[in-house]
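Take a look at the structure below.
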Amino acid sequence: MQVAFYAPLKSPNHPTPSGDRAMARLLMSALRKAGHAVDVVSELRSFSASPAIEDRQPIAAAARAEVERLTGLWQAGRKPDLWFSYHPYYKAPDLIGPVMAAALDIPYITAEASYSPRRNALGWAGTQSLVAEAVRGAAVNLCFTQRDMDGLASNIPGAHLARLKPFIETAPFRDSSAGGTPHRLVTVAMMRPGDKLRSYEMLAKALSRIVERPWTLAIAGDGPARNDVQALFAAFGDRIQWLGERNASGVAALLLEGGIYVWPGCGEAYGIAYLEAQAAGLPVVAQATAGVPEVVEDGVTGFLTREDDVPAYAAAIACLLDDKDLLKSMGANARRFVLEERSLENAVRQLDAVLTQSMGRSQ
């Protein structure tokens, strides 16, 4: 099957690393491993930080131009069998896929679409209506978290929904022998204002409560808020190792050297990095917020503390630092959880089954 793949928020080819780009690539890999041909059919980014008409109009015009371009392209050659849209939401609706799918008479599928009624009162009703229309007309909408699934079900009655739990490529971690340094804390995250900076702030506050313990922290990441992040951890001196941005293999190597993965995850949708850390045998300390409980089993593969509870977060890290047996058992549980339940191979089977069913529904 020929799949037209499109990510309105950020193309899989975007130069800036992110969880969105990583998951888009994982989905493409899963589709290809299932035997399908996959092409990124547009690089158009429909994202806008503002719902103002003057900000959205140029994006809408660019989308119309893309529809014309793709229509001409497929009139001259074989059309795709399926349109696959990744992560349409209120700031980045899919302005191309629903139009092209209808024109070509092919199934339209979304993954990680989301809808939040409270955004309507903030001026996003117009773009949210586009998301709702796309979801309602889709052959199936793949939901990575129960939170997103509930949001779509309650606000878009009649939408076809299916679960596809977050997954990763586990190959970089399968042949390793877990043997990192127990007191070596690790985090991997971009450095930018907003939720990422809030997470760094919370982590620094938590570590200041357990300075008497012999931990070190390795931080992989970079971004426009780098100076602000470094200032947050300045008091810890050489206990912090600044590694900058690392590629996928570099991240895997770093995780395999670590002992505990620490990242509060303020506003985190779910967090691919949590799955990667667990695949490396690291227990995770995060917050029980948004979709994080979908990828970390509290009390089994790590600890999830209450949102914004710095003392509880610090205590969870200290608990693992103080109890090496608990750290080891949680790390083993974490590794087993990801390798057995959240691998790319598992996702290939689930995704192919859903696609087969949805294709039958659309006929």
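All heavy atoms count here, side chains included; hydrogens, waters and symmetry mates do not.
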In terms of side-chain heavy atoms, does Asn141 have a donor or acceptor partner in Thr110 at a distance below 3.5 Å? yes
Under the criterion side chain to side chain contact (heavy atoms under 4.5 Å, CB included), I'd like the reasoning laid out for Ser29 against Leu344: C-alpha separation, chi angles, the key distance, then a yes or no. CA-CA 8 Å; Ser29 181; Leu344 175 60; 3.5 Å; yes
How far apart are the C-alpha atoms of Phe303 and Val284, what are their side-chain angles, what is the distance that settles it, and do they pass the side chain to side chain contact (heavy atoms under 4.5 Å, CB included) test? CA-CA 6 Å; Phe303 288 121; Val284 167; over 6 Å; no
So, Ser85 versus Asp94: side-chain donor-acceptor pair below 3.5 Å or not? yes
Take Asp352 and His36 through the side chain to side chain donor-acceptor pair (under 3.5 Å) test and state the conclusion after the steps. CA-CA 9 Å; Asp352 199 45; His36 307 299; 3.0 Å; yes
Walk me through whether Glu276 and Leu255 qualify under side chain to side chain contact (heavy atoms under 4.5 Å, CB included). CA-CA 8 Å; Glu276 293 177 334; Leu255 292 171; 3.8 Å; yes
Do Asp148 and Ser114 pass the side chain to side chain donor-acceptor pair (under 3.5 Å) test, and can you show the C-alpha distance, the side-chain angles, and the key distance before you say yes or no? CA-CA 6 Å; Asp148 281 348; Ser114 62; 5.0 Å; no
Check whether Gln287 reaches the backbone of Asp308 with its side chain - one donor and one acceptor, N or O, closer than 3.5 Å. yes
Under 3.5 Å, is there a donor-acceptor pair between the side chain of Gln128 and the main chain of Ser116? yes
Would you say Ile219 and Tyr200 make side-chain contact, with heavy atoms under 4.5 Å? yes
Measure across Ala24 and Pro12 and return the closest heavy-atom pair with its distance rounded to 0.1 Å. CB-CG, 3.8 Å
Side chain to side chain contact (heavy atoms under 4.5 Å, CB included) between Leu254 and Val186, intermediate numbers included: CA-CA 8 Å; Leu254 169 64; Val186 180; 3.8 Å; yes
In this structure, CE of Met28 is separated from NZ of Lys33 (nearest 0.5 Å) by 13.5 Å
Ion pair check, Asp20 and Arg25, cut-off under 4.0 Å: no
Taking only residues two or more places apart in sequence, or in another chain, which ones meet Tyr86 in a ring-ring contact (aromatic ring centres under 6.0 Å, His included)? none
CE on Met202 to OG on Ser199, rounded to 0.5 Å: 8.0 Å
Strictly below 4.0 Å, N to O, side chains only: are Asp322 and Arg213 in salt-bridge contact? yes
Contacts of Phe144 that satisfy ring-ring contact (aromatic ring centres under 6.0 Å, His included) - sequence neighbours left out: Tyr270
Report yes or no: is the cationic atom of Arg184 (NZ for Lys, CZ for Arg) closer than 6.0 Å to the six-membered ring centre of Trp215, at no more than 45° off its axis? no
When you check the gap from the basic side-chain N to the acidic O, do Asp195 and Arg198 get nearer than 4.0 Å? yes
Hey, are the side chains of Thr71 and Met100 touching, using non-hydrogen atoms and a 4.5 Å cut-off? yes
Lys165 atom NZ, over 12 foreign heavy atoms within 6.0 Å: no
Under 4.5 Å between side-chain heavy atoms, chaining through other members, with only Ile, Leu, Val, Met, Phe, Trp and Tyr counted: pull out the rest of the cluster around Ile59, sorted by chain and number. Leu95, Leu130
Under 3.5 Å side-chain donor-acceptor pair for Asp150 and Gln146: yes
For Ile156, the hydrophobic cluster (side chain heavy atoms closer than 4.5 Å, chained through members) also holds Tyr115, Val131, Val135, Met149, Leu152, Leu161
Give a yes or no on whether the backbone of Pro93 and the side-chain of Ser46 come within a donor-acceptor separation of less than 3.5 Å. yes
List the atom of Ala139, the atom of Ile109, and the distance in Å for their closest heavy-atom pair. CB-CG1, 4.4 Å
Hey, are the side chains of Thr170 and Leu275 touching, using non-hydrogen atoms and a 4.5 Å cut-off? no
What I want to find out is whether Arg163 reaches Glu294 closely enough, with some N-O distance under 4.0 Å, to be called a salt bridge. yes
Check: Ser42 side chain, Leu44 main-chain N or O, donor-acceptor pair, under 3.5 Å: yes
Check whether more than 12 heavy atoms from other residues, nucleotides or ligands sit under 6.0 Å from atom CZ of Arg69, and answer yes or no. yes
Are there over 12 heavy-atom neighbours, none belonging to Gln230, within less than 6.0 Å of that residue's CD? yes
Could you check whether any side-chain N or O of Arg192 sits under 3.5 Å from a backbone N or O of Pro224, counting only pairs where one atom can act as donor and the other as acceptor? no
Indicate yes or no: at least one non-hydrogen side-chain atom of Tyr6 is less than 4.5 angstrom from one of Ile96. yes
Donor-acceptor contact present, side-chain Tyr274 to main-chain Trp263, <3.5 Å: yes
Any chance CG of Asp105 has more than 12 other-residue heavy atoms, nucleotides or ligands included, within less than 6.0 Å? no
ring-ring contact (aromatic ring centres under 6.0 Å, His included) against Tyr89, all qualifying residues, sequence neighbours excluded: His87
Smallest heavy-atom separation, Pro98 atom then Ala134 atom, equals CG-CB, 3.8 Å
Give a yes or no on whether the backbone of Val38 and the side-chain of Arg32 come within a donor-acceptor separation of less than 3.5 Å. yes
For the student: nearest non-hydrogen atoms of Ser154 and Gly151, plus distance: OG-O, 3.4 Å
On a heavy-atom basis, which atom in Leu26 and which in Phe167 lie closest, and how many Å separate them? CD1-O, 3.4 Å
Does any donor atom in the side chain of Asn346 or Glu341 lie under 3.5 Å from an acceptor atom in the other side chain? no
I would like to know whether Thr301 and Gln278 meet side chain to side chain donor-acceptor pair (under 3.5 Å); could you show each step before the answer? CA-CA 7 Å; Thr301 70; Gln278 291 172 99; 2.7 Å; yes
To the nearest 0.5 Å, how far apart are CD in Glu297 and CG in Asn333? 8.0 Å
Within-4.5 Å side-chain heavy-atom neighbours: Tyr313 and Arg306: no
Minimum heavy-atom distance Ile260-Leu282, with the two atoms named: C-CD2, 3.9 Å
Do the side chain of Lys324 and the main chain of Leu321 share a donor and acceptor less than 3.5 angstrom apart? yes
Answer whether the closest heavy-atom distance between the side chains of Val40 and Ser11 falls below 4.5 Å. yes
Sequence neighbours excluded, the answer for ring-ring contact (aromatic ring centres under 6.0 Å, His included) partners of Phe5 is Phe84
Close side-chain approach of Asp222 and Met190, heavy atoms under 4.5 Å: no
Could you tell me if Arg239 sits above the aromatic ring of Phe236, with its cationic atom closer than 6.0 Å to the ring centre and no more than 45 degrees from the axis? no
Do the side chain of Ser129 and the main chain of Gly126 share a donor and acceptor less than 3.5 angstrom apart? yes
Quick one, Leu9 and Arg45 - any side-chain contact, counting heavy atoms below 4.5 Å? yes
Test item: Tyr261 side-chain N/O and Ala280 main-chain N/O as donor-acceptor pair under 3.5 Å: no
State plainly whether one hydrophobic cluster holds both Phe233 and Val262, where clusters connect Ile, Leu, Val, Met, Phe, Trp and Tyr through side-chain heavy atoms under 4.5 angstrom apart. yes
Donor on one side chain, acceptor on other, Gln2 and Asp39, under 3.5 Å: yes
